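Here is the structure we will look at, set down as structure tokens.
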Amino acid sequence: MSKFTTDSGIEIQRVYALRDRVVEEPGAFPFTRGVHPEMYRSKLWTMRQYAGFSTAEESNKRYHYLLSQGVSGLSVAFDLPTQIGYDSDHDLAEGEVGKVGVAIDSLEDMEVLFGGIKLEDVSTSMTINSTGYILLSLYVALAKQQGADLKKITGTIQNDILKEYAARGTYIYPPKPSMRIITDIFAYCNTDVPKWNTISISGYHIREAGSSAAQELAFTLANGKAYCQAAISKGLDINQFGQRLSFFFNAHNNFFEEIAKFRAARRMWAHITTELGATDPRAQMLRFHTQTGGSTLTAQQPINNVARVTLQAMAAVLGGTQSLHTNGYDEALSLPTEQAAKLALRTQQIIGYESGVTETVDPLAGSYFIEQLTDELEAKALKYISHIDSLGGSVSAIEQGYMQEEIARSSYAYQRKVESAEKIIVGVNKFTEKEAKHTNLLRVDDSIRKVQSEKLARLRANRNNDLVRSSLLDLKAATIEERNIMPYVIKAVENYATLGEVADTLRAIYGEFQG
């Protein structure tokens, strides 16, 4: 076992605890102190950088650059048409192609996106929800094309549709069929891609929409509970599918509250899954990815965001995250430049290799403040969850507008505090300066839509359209007959059916949700 010391030669113990407090061991139920006994003493968190813009060719260049700089996992951002199931040449895609992420229309784009990257060698997180089943199918099809062993493929699709209805809005189908698609993904991956994380239950966008930390915690875990109940009702074993669930949290500026939130989340999830029948510790433990708060970034004095991101990243690490994305300081103005993305990665690396906070497990445990904050956040979150249960669970609560109203109320109250300067935002409502014009920002050209449309025209002209039609008809039949749709989606995209064609096949059956 490695020996850790401070710069003064003081040996650092693995775990510290107050002598008069019940000691919880890291890696043991209820996992308040971490999901692994050694945490970062044995392995640092996965350092991801969220990237994707313009065309697959441009995003591929950024991925190779990030991998060369020490990134240990890729995190893919998709443009809005891809997120809501439209091909780039669809009328509703105009003005949005390649803007907030990469445009993916078919397997052809995926081949380019991951050109020169062996999928067996990287862990890939894909921030995609309503079309998550299609992007996973494209990824599996590409892995098969590369000759990869699907049993070794690792990564995550966000696949969290409930938070889309509650906070973000990139949904397609109504809630109940969307839940059916998610349980199909659970069942398929359980047998065919067992190391893949089938869902990343996301508090991130709930927080971005304006929720408090307690609401982020409560609504995220309530949604997680709903996914578990849906899978159990389909006959799936929580001790199996529960091991492939992961979570995605936001990290904001209130340093100690964020740390306590992460600790409370683990403890609460351990008890929730146990109540649902989980007995395997791997199905009881909450593993999570963290991204620093996009909504906390300011367009004013953007270099100040370096300090914000550092503070938030440190909170995530002290809270025990399993992977982390740090935002670029310029993201309130544009997609991150290469320089900003590199500095964001270096922030993680400095915390990991220079700060010393990784050398003992849960270093703030035993702090009266942290322990009480953990307890108080748990109590507030459990009160919200109890009310959601009384409404019939997350799906029913969302259909009734409860979560949406609570988030809106919280967001309004926060904004009032900022406007009255009760809440200080440095460079925004205090310590302001006359702003210089920002230069060297990354902009995506509107010509991307034309490029993607031309590629689609060539694809449709050159593929075997009889095979495409046949595979889409098979998918339609499987959907109507309530067979698992995943093998049929994979077959369709292997025949170069487009994302829009697959999404439209299910649109014709389920319709679109009118939120």
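From a predicted model like this one, the values you see are computed outputs, not experimental measurements.
In terms of modelled atom types and a separation under 3.5 Å, the side chain of N60 and the main chain of G115 share a donor-acceptor contact. The closest donor-acceptor contact from the side chain of N305 to the backbone of T298 lies under 3.5 Å. When atom types are taken as modelled, the side chain of Q322 and the backbone of G320 share a donor-acceptor pair closer than 3.5 angstrom. In this structure a side-chain-to-backbone donor-acceptor pair under 3.5 Å is missing from K225 to L276. Checked by atom type and distance alone, the side chain of E96 never pairs as donor or acceptor with a backbone atom of D79 at under 3.5 Å. Listed for the R14 side chain is a donor-acceptor partner under 3.5 Å among the backbone atoms of P37. With S394 contributing its side chain and F219 its backbone, the two residues share no donor-acceptor pair below 3.5 Å. At least one donor-acceptor pair closer than 3.5 Å links the side chain of S420 to the backbone N or O of K417. No donor-acceptor pair under 3.5 Å is formed between the side chain of E406 and the backbone N or O of Q215. In this structure, D160 contributes its side chain and S202 its backbone to a donor-acceptor pair below 3.5 Å.
Counting only heavy atoms from C-beta outward, the side chains of I161 and S130 approach each other to under 4.5 Å. Side chains of W45 and V317 form a contact here, defined as non-hydrogen atoms less than 4.5 Å apart. For the pair Q158/H205, a side-chain contact is recorded, criterion being any heavy-atom separation below 4.5 Å from C-beta on. Considering only heavy atoms from C-beta on, L138 stays 4.5 Å or farther from F114 through its side chain. Looking at E24 and P30, their side chains come closer than 4.5 Å, going by heavy atoms from C-beta outward. Proximity of F78 to T131: side-chain heavy atoms (C-beta onward) are nowhere separated by under 4.5 Å. The closest side-chain heavy-atom distance from Q348 to L44 is not below 4.5 Å. Counting heavy atoms from C-beta outward, W269 and R287 have side chains that stay 4.5 Å or more apart.
Every residue two or more places apart in sequence or in another chain was checked for a salt bridge (charged side-chain N to carboxylate O under 4.0 Å, His left out) with K380, and none qualifies. Every residue two or more places apart in sequence or in another chain that forms a ring pair (Phe, Tyr, Trp, His ring centres under 6.0 Å) with F29 is listed here: H271.
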Test side-chain contact (heavy atoms from CB on, under 4.5 Å) applied to K430 and I425, step by step: CA-CA 6 Å; K430 197 174 180 67; I425 307 295; over 6 Å; no
E419 vs R416, test: salt bridge (Lys or Arg N to Asp or Glu O under 4.0 Å). Steps then yes/no. CA-CA 5 Å; E419 290 174 1; R416 288 289 300 271; 5.1 Å; no
Given the rule in the side-chain contact (heavy atoms from CB on, under 4.5 Å) test, do R263 and L364 qualify, once you have shown the distances and angles that lead to the verdict? CA-CA 11 Å; R263 299 175 86 249; L364 293 182; over 6 Å; no
I would like to know whether N250 and I206 meet side-chain contact (heavy atoms from CB on, under 4.5 Å); could you show each step before the answer? CA-CA 9 Å; N250 210 312; I206 290 170; over 6 Å; no
Run R207 and K261 through side-chain contact (heavy atoms from CB on, under 4.5 Å) and show every step you take. CA-CA 12 Å; R207 192 66 175 280; K261 178 186 75 181; 3.4 Å; yes
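Atom CG in L217 sits 6.0 Å away from atom CZ in F249 (nearest 0.5 Å). Here NZ of K163 is found 12.5 Å from CE of M403. Values are rounded to the nearest 0.5 Å. Interatomic distance, R267 CZ to L286 CG, rounded to the nearest 0.5 Å: 13.0 Å. Taken from CG in L74 to OG1 in T46, the straight-line distance is 11.0 Å, to the nearest 0.5 Å. A distance of 7.5 Å separates CD1 of I238 from CG of L245, quoted to the nearest 0.5 Å. With rounding to the nearest 0.5 Å, the separation of NZ in K43 from CD in E38 is 14.5 Å.
I351 approaches A313 most closely through the heavy-atom pair CD1-CB, 3.7 Å. Between I448 and G98 the shortest heavy-atom distance is CG2-CA, 4.4 Å. Nearest heavy atom pair, residue L297 against residue G328, reads CD1-O, 3.8 Å. In terms of heavy atoms, A209 sits closest to I407 at O-CG2, 3.6 Å. Across A397 and I388, no two heavy atoms sit closer than the pair CB-CG2, 4.1 Å. Of all the heavy atoms in A332 and A299, the pair that sits closest is CB-N, 3.6 Å.
For the side-chain contact (heavy atoms from CB on, under 4.5 Å) with Q243, the qualifying choice from R282, Q284, K195 is R282, the only one to do so. Each of Q291, Q312, R308 was compared with N327 under the side-chain hydrogen bond (donor to acceptor under 3.5 Å, both in side chains) criterion, and only Q291 meets it.
Heavy-atom contacts from other residues, nucleotides or ligands closer than 6.0 Å to CZ of R346 number more than 12. Open room surrounds CD on Q339; 12 or fewer heavy atoms of other groups in view lie less than 6.0 Å from it. Enclosure of atom CZ in F255 by more than 12 non-hydrogen atoms of other residues, nucleotides or ligands within 6.0 angstrom is indicated.
Between the side chains of D330 and T337, at least one donor N or O sits under 3.5 Å from an acceptor N or O. Side chains of E216 and S211: no donor on one and acceptor on the other come within 3.5 Å. Y139 and T124 share a side-chain donor-acceptor pair at under 3.5 Å. For T55 and E57, the side-chain atoms include at least one donor-acceptor pair closer than 3.5 Å.
The aromatic rings of F248 and Y204 lie parallel to each other, their planes meeting at an angle below 30°, with 60° marking the opposite boundary.
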